[in-house]
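Take a look at the structure set out below.
Only heavy atoms go into these numbers, but all of them, side chains included; no hydrogens, no water, no symmetry mates. The chains referred to below are lettered A, B, ... by the order of the sequence lines, with proteins before strands, and numbering in each begins at 1.
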Number of protein chains: 2
Amino acid sequence: MDTSQLLKGVLDLAVLAVLRDADGYGYDVLRRLRAAGLEDVADASVYGTLRRLFQAGALTSYVQPSEEGPHRKYYGLNKTGHELLARSTKTWNHFADTMSVLLEEEAA
Amino acid sequence: MDTSQLLKGVLDLAVLAVLRDADGYGYDVLRRLRAAGLEDVADASVYGTLRRLFQAGALTSYVQPSEEGPHRKYYGLNKTGHELLARSTKTWNHFADTMSVLLEEEAA
DNA sequence: GGAGACTACTACACATTGCGGAGTACTCCG
DNA sequence: CGGAGTACTCCGCAATGTGTAGTAGTCTCC
């Protein structure tokens with residue numbers, strides 16, 4: 001039901017993942033995440049996560065004006081960000097595998 | 001690194017899963033989880049989760065004395081617990097699949 | 001030109017939940 | 001008796017996602 005708790009600690013990873021291919025600004029990252037299936041992500045969570053990752057030194061940031069609305073604050077992965085993404089992905093995969101085994105045991 | 005955040009919302013599921021096959025008491029559930037690969041789970045988290053699930057009406061509970069130490073508080077799944085387990089498993093699988101796609105995109 | 005929708009971001013207070021540490025208490029062994 | 005292992009409780013903390021409110025820009029439609 002409540003996917004919000006599942007996101008804990010994983011939103012970082014998801015945000016890094018959608019920024020891997022191309023820089024993006026908050027509102028855009030939000031749309032990418034929702035399009036990817038994370039439909040219940042709240043906007044404040046995304047903005048907060050971007051700020052946190054930036055402060056942690058994983059993202060670059062630059063502001064660009066837009067002609068379709070307010071200015072946009074773009075974020076992109078730097079070296080630290082890529083490393084973090086790689087590490088977090090491994091951690092996640094390991095964790096997901098563990099859960100998988102736990103849940104499937106005795107299912108047969 | 002820090003798997004503690006990944007556990008958020010998933011520990012409930014993991015606890016339900018290890019109780020699916022047989023009733024268990026806190027200390028035992030802790031060992032089962034660690035044996036299953038969740039080695040960093042803290043004991044307080046498990047006891048807390050058991051209490052929460054019990055209060056939520058998903059578990060039955062009964063105390064049994066032990067000859068190898070203090071009394072043991074056993075917990076077991078009731079109907080609500082089994083339903084919760086089934087529902088949470090589905091939610092988790094869906095979520096894990098979504099993340100999987102997100103992480104593998106462009107990997108090729 | 002004003003209302004409303006969509007875009008885009010910030011700030012703050014809050015709820016959930018896992019963790020650490022301290023404390024209690026029982027059994028067994030040396 | 002002291003220490004280890006077992007078994008549980010309580011309390012306060014920290015991390016993080018959410019809701020709400022607020023600011024502000026563009027565009028459309030009546």
**A/H71 versus A/V63, closest heavy-atom pair with distance** = CD2-CG1, 3.6 Å
**Prompt:** With the sugar-phosphate defined as primed atoms, P, OP1 and OP2, and the base as all remaining atoms, what B/S/- string results for nucleotides 13-26 of chain D, 5' to 3', for protein heavy atoms under 4.0 Å?
**Reply:** --BBSBB----BBS
**Asked** Would one find more than 12 heavy atoms of other residues, nucleotides or ligands at under 6.0 Å from atom NE2 of A/H82?
**Response** yes
**Message:** Holding to side-chain hydrogen bond (donor to acceptor under 3.5 Å, both in side chains), I want the full list of residues that pass it with B/R31, two or more places apart in sequence or in another chain.
**Reply:** B/Y25
**Fill in**
The side-chain hydrogen bond (donor to acceptor under 3.5 Å, both in side chains) partners of B/D12 (sequence neighbours excluded) come to none
**Item:** Contact boundaries on DNA chain C for chain B, cut-off under 4.0 Å to non-hydrogen atoms
**Value:** C/dT17 to C/dC28
**Request:** Output every pair passing salt bridge (charged side-chain N to carboxylate O under 4.0 Å, His left out) with a member in residues 60-74 of chain B, not counting sequence neighbours, ordered by first then second residue.
**Result:** B/E68-B/R72
**Prompt:** Which atom pair, heavy atoms only, marks the closest approach of B/S88 to B/L13?
**Reply:** CB-CD1, 3.7 Å
**By side-chain hydrogen bond (donor to acceptor under 3.5 Å, both in side chains) - contacts of A/D23 (at least two apart)** = A/Y62
